[in-house]
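For the numbers below, each heavy atom of this structure counts, side chains included, while hydrogens, waters and symmetry mates do not. The sequence lines fix the lettering, A, B, ..., with proteins before strands; numbering per chain opens at 1. Just so it is clear, the model here is predicted, and its values are computed rather than measured.
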Amino acid sequence: MRWSNFFIPTLREVPADAEVVSHRLLLRAGMVRQLAAGIYSYLPLSWLVMRRIMEIVREEMDAIGGQEFFLPALNPREIWEETGRWTVMGDNMFRLKDRKGADLCLGMTHEEVFTGIARHELRSYKQLPQIWYQIQTKFRDEARPKSGVLRVRQFIMKDAYSFDVDQAGLDKSFEDQRAAYVKIFTRCGLKFSIVEASSGAMGGSASNEFMVKTDAGEDLIATCERCGYAANLEKATSRLASIADQTAATDAPEEFPTPGVRTIEDLISFPGGAAADRQIKTLVYVATFETDGQQPVLALLRGDHQLHETKLADALGATEVRPAHPEEIRELMGAGAGSLGGVGMKERAKAAGRELRIVADHALKNRSNMTTGANKDEHHLRGVNIERDIPVDLWTDLRTVQSGEACPNCEAGVLEVSKSLEIGHIFKLGTKYSKSMNATVLDQNGKEVPVVMGSYGIGVERIMAAAIELHHDADGIIWPRQIAPFDVVVTVTNVKQPELKDAGERLYADLRAAGLEVLLDDRDERAGVKFKDADLIGIPYRVTVGKKTTEGTVELFDRAAKQSTDVSLSEVVARVQQLALAGS
RNA sequence: CGGGGCGUAGCACAGCCUGGUAGUGCGCUCGGUUUGGGACCGAGAGGUCGAGUGUUCGAAUCACUCCGCCCCGACCA
């Protein structure tokens, strides 16, 4: 490709709206332009990158037996009604009507459509497993698109679905996908972690997220350098030092006045109060359930611990949890936040004809002589033995792990919590969709069984953006070789000198003949402009045809190392070939 | 959806408070000089000041409404 007629509108200044690095550089490098919030146009240079990413994805999907489909993005309402997701997806689904007034939506994901094909065509276990995938545009009406192409309303996703006759088959399909994902992201030059994650609204038994550590990400993950443990904060646990309680309180809890005490902190410094890890924190939540509506819940944690709301929702099997409003708290508990506790609340709720579930974090197990709110404004209880005094319905993991805590998986490891970007997510769906859509096959015994499914997603733009977040410097992007838009750029310092122009043309032809993707910078610009642009768009290698070329020498510049070496014209093609195509 | 910020030339911004000729830098076009890390000089082109309504003799500027974009939060396979 000749730069002189390849459309790369680079920008010298950074558009004011762009905050994250990948957004700034994609704009400056002339790769994307924004059409509306969360909707981007991909210009030729970025499309080359996306094509390379998609080709890697295809190769690895095909290698595990995946078969590529192309499904419609425009879906009729009916198929989404079958799984209940016409309603569940809520405002996140783009909806429209056709000329007859029939409801349609733009696909957010394709479990329904693929399962719809499966149920019509798959009849026997002998046809399984099937691994079906596509690379296609998805639409999600995000409440808040942000961070350039990282959170958008229209994006390209590779979505794959596996269909197996039983759980063992799903386990294998899942492992195959997982292994393929490792290859894909590695080939794309990304450093990533595989973390345990909550399955959330997708349902199913297990899920792994593929995460790239970057401040541009929105998820928090805990990782252990030592043993490789990694989990989304919504799943992460840690090992805590146990706390030695004084002897268990023998008497009933004792109420005492605590004027002015509103917080855990206040109670620490209050005379006769207690250290944070000797307090029981009591939080009132309202949980929403798919079947039986809303219900209040008490979540109990150690005073110095933070609740993780997703953990609470997962533990309850709730679709949603939210903090109770101050009025709700007072009505339920008889006191305001700051003086709440679990003692006696079960009975109080029952007396009011209501059910109140009490969920407590493992760290409170067997604790005694604790202090907590008395459900009377500005009063607390001391001498609380939790298992004697509070009827806990469910002991579970509720707390948010913090950096520096001990790894739950190895002896000496320490957890680090960092922001991460989700680039892939794989789910064991089980029979959630096959059951609701009646996708069954006959098994070996001639018995009709629901197909066991998995679903596996990769965000193509996010791979590109993550690569930039990970690989850039003050001058611009530094593409990993395998997804770079070009292998090498040939920079002719002055195209008005015929001998340089000719040398550049010859080198361009020779490099292309050697199987390389080459960008020839034949623009009539000053050398400085060309160097800056080349650095900005991040081609891994640059060959400079300039002063020394008349003596038979060119410069080979390594974008990542920012070092250049003189190479003779006769050797440069072989050198570039060796560097740029290594490992591919 | 709640909170905050911003809409003036392709990009970055000034002008607005205190109403009266729409400006600067980069980019773009033409001419000249220059030619290895975003050159210099000269001459140009380019804006219904986000939209609407109102106040006023007169609105980029004041008021109201709407739209759009960004950030924080809520939300999110």
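Within 4.0 Å (heavy atoms only), A/Gln34 reaches sugar-phosphate atoms of the nucleic acid but no base atom. Using a 4.0 Å heavy-atom distance criterion, A/Asp533 is classed as a base contact. At the heavy-atom level, A/Arg33 lies nowhere under 4.0 Å from the strands shown. In this structure, A/Ala37 reaches the sugar-phosphate backbone alone: every heavy-atom distance under 4.0 Å involves primed, P, OP1 or OP2 atoms, never a base. Nucleic acid contact for A/Ser564: none, since no nucleic acid atom lies under 4.0 Å from a heavy atom of the residue. Residue A/Gly457 is out of contact with every strand shown, counting any heavy-atom pair closer than 4.0 Å. Using a 4.0 Å heavy-atom criterion, one finds that A/Thr544 contacts the bases of the nucleic acid, with or without backbone contacts as well. As judged by a 4.0 angstrom heavy-atom cut-off over every strand, A/Ala18 is placed among residues making no nucleic acid contact. Across all strands, A/Lys146 comes closer than 4.0 Å only to sugar-phosphate atoms, never to a base (heavy-atom distances).
Residue A/Ile39 contributes atom CD1, which lies 11 Å from atom P of B/G68 at whole-angstrom precision. At whole-Å resolution of the value, CZ in A/Phe7 and P in B/G10 are 14 Å apart. With rounding to whole Å, A/Arg526 atom CZ is found 14 Å from B/U33 atom P. Rounded to whole angstrom, the span from the CG atom of A/Leu35 across to the C1' atom of B/G68 amounts to 12 Å. Note: CD (A/Glu309) to C1' (B/A74) measures 10 Å, nearest angstrom. We find that CZ of A/Arg322 is positioned 15 Å from P of B/A74, with the value rounded to whole Å. As a whole-Å value, the separation of A/Gln497 CD from B/U35 C1' is 8 Å. A/Lys419 places its NZ atom 8 Å from the P atom of B/C72, with the value rounded to the nearest Å.
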Which donor-acceptor pairs under 3.5 Å do side chains of residues 525-532 of chain A form with protein atoms, sequence neighbours excluded?
unit_1	atom_1	unit_2	atom_2	d
A/Lys530	NZ	A/Val492	O	2.7
A/Lys530	NZ	A/Asp521	O	3.1
A/Lys530	NZ	A/Arg523	O	2.6

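Tested against A/Leu536, the residues A/Ile477, A/Leu25, A/Ile8 include a single side chain to side chain contact (heavy atoms under 4.5 Å, CB included) partner, A/Leu25.
Comparing the P positions of B/C67 and B/G58 gives an interatomic distance of 29 Å, to the nearest angstrom. B/A14 and B/G31 are spaced 31 Å apart, taking the C1' atom of each and rounding to whole Å. Here the separation of B/G47 from B/G23, taken at their C1' atoms, is 11 Å to the nearest Å. Remark: the separation of the P atoms in B/G42 and B/G25 is 11 Å, to the nearest Å. To the nearest whole angstrom, the two C1' atoms, one in B/U61 and one in B/C49, are 10 Å apart. Straight-line distance between the P atoms of B/G27 and B/A39: roughly 8 Å, to the nearest whole Å. With both ends at atom P, the span from B/U18 to B/G10 equals 31 Å, rounded to whole Å. B/A43 and B/U48 have their P atoms separated by 25 Å, with the value rounded to a whole Å.
With rounding to the nearest 0.5 Å, the separation of CE in A/Met108 from CH2 in A/Trp80 is 6.5 Å.
The aromatic rings of A/Phe94 and A/Phe139 stand perpendicular to each other, their planes meeting at an angle above 60°, with 30° marking the opposite boundary. Between A/Phe185 and A/Tyr181, the two ring planes are perpendicular [angle over 60°; tilted spans 30° to 60°]. Between A/Trp132 and A/Phe69, the ring-plane angle classifies as tilted under the 30° and 60° cut-offs.
When distances are taken from the side chain of A/Lys532 to each of B/G38, B/C75, B/C11, the shortest belongs to B/G38. Distances from the side chain of A/Pro15 to the nucleotides B/C11, B/U35, B/G36 place B/C11 closest.
Residues A/Ser173 and A/Lys428 bring no donor and acceptor atom of their side chains to less than 3.5 Å of each other. No donor-acceptor contact under 3.5 angstrom links the side chains of A/Tyr433 and A/Arg119, judged on distance only.
Checking B/G42 for Watson-Crick or G-U wobble geometry (two distances, each under 3.5 Å) identifies B/C30 as its partner. Across all strands shown, B/G73 pairs with B/C1; the Watson-Crick or G-U wobble distances both stay below 3.5 Å. Pairing partner, B/A59: none, since no Watson-Crick or wobble contact has both distances short of 3.5 Å. When both pairing distances are held under 3.5 Å, B/G47 makes no Watson-Crick or G-U pair with any nucleotide shown. Pairing of B/A9, defined by two Watson-Crick or G-U wobble distances under 3.5 Å, is not identified with any nucleotide. As the counterpart of B/G37, no nucleotide is assigned, since no Watson-Crick or G-U wobble pattern has both distances under 3.5 Å.
Between A/Glu218 and A/Asp475, the one whose closest nucleotide on RNA chain B sits nearer the 5' end is A/Asp475. Of the two residues near RNA chain B, A/Phe155 and A/Glu19, the one whose nearest nucleotide lies more 5' is A/Glu19.
Considering only side-chain N and O atoms, A/Arg144 lies under 4.0 angstrom from the phosphate OP1 or OP2 of B/C72.
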List every contact pair, protein side and nucleotides 22-30 of chain B side both N or O, where the distance is under 3.5 Å.
unit_1	atom_1	unit_2	atom_2	d
B/G25	N2	A/Glu13	OE1	2.8
B/G27	OP1	A/Arg12	NH1	3.3

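Residues meeting the side-chain hydrogen bond (donor to acceptor under 3.5 Å, both in side chains) test with A/Asp159, sequence neighbours left out: A/Gln134, A/Lys138, A/Tyr161.
Within 3.5 Å, a donor on the side chain of A/Arg28 pairs with an acceptor on the base of B/G38, or the reverse.
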Test A/Met464 against A/Tyr42 for side-chain contact (heavy atoms from CB on, under 4.5 Å), laying out the working first.
CA-CA 12 Å; A/Met464 176 169 70; A/Tyr42 295 88; 3.9 Å; yes
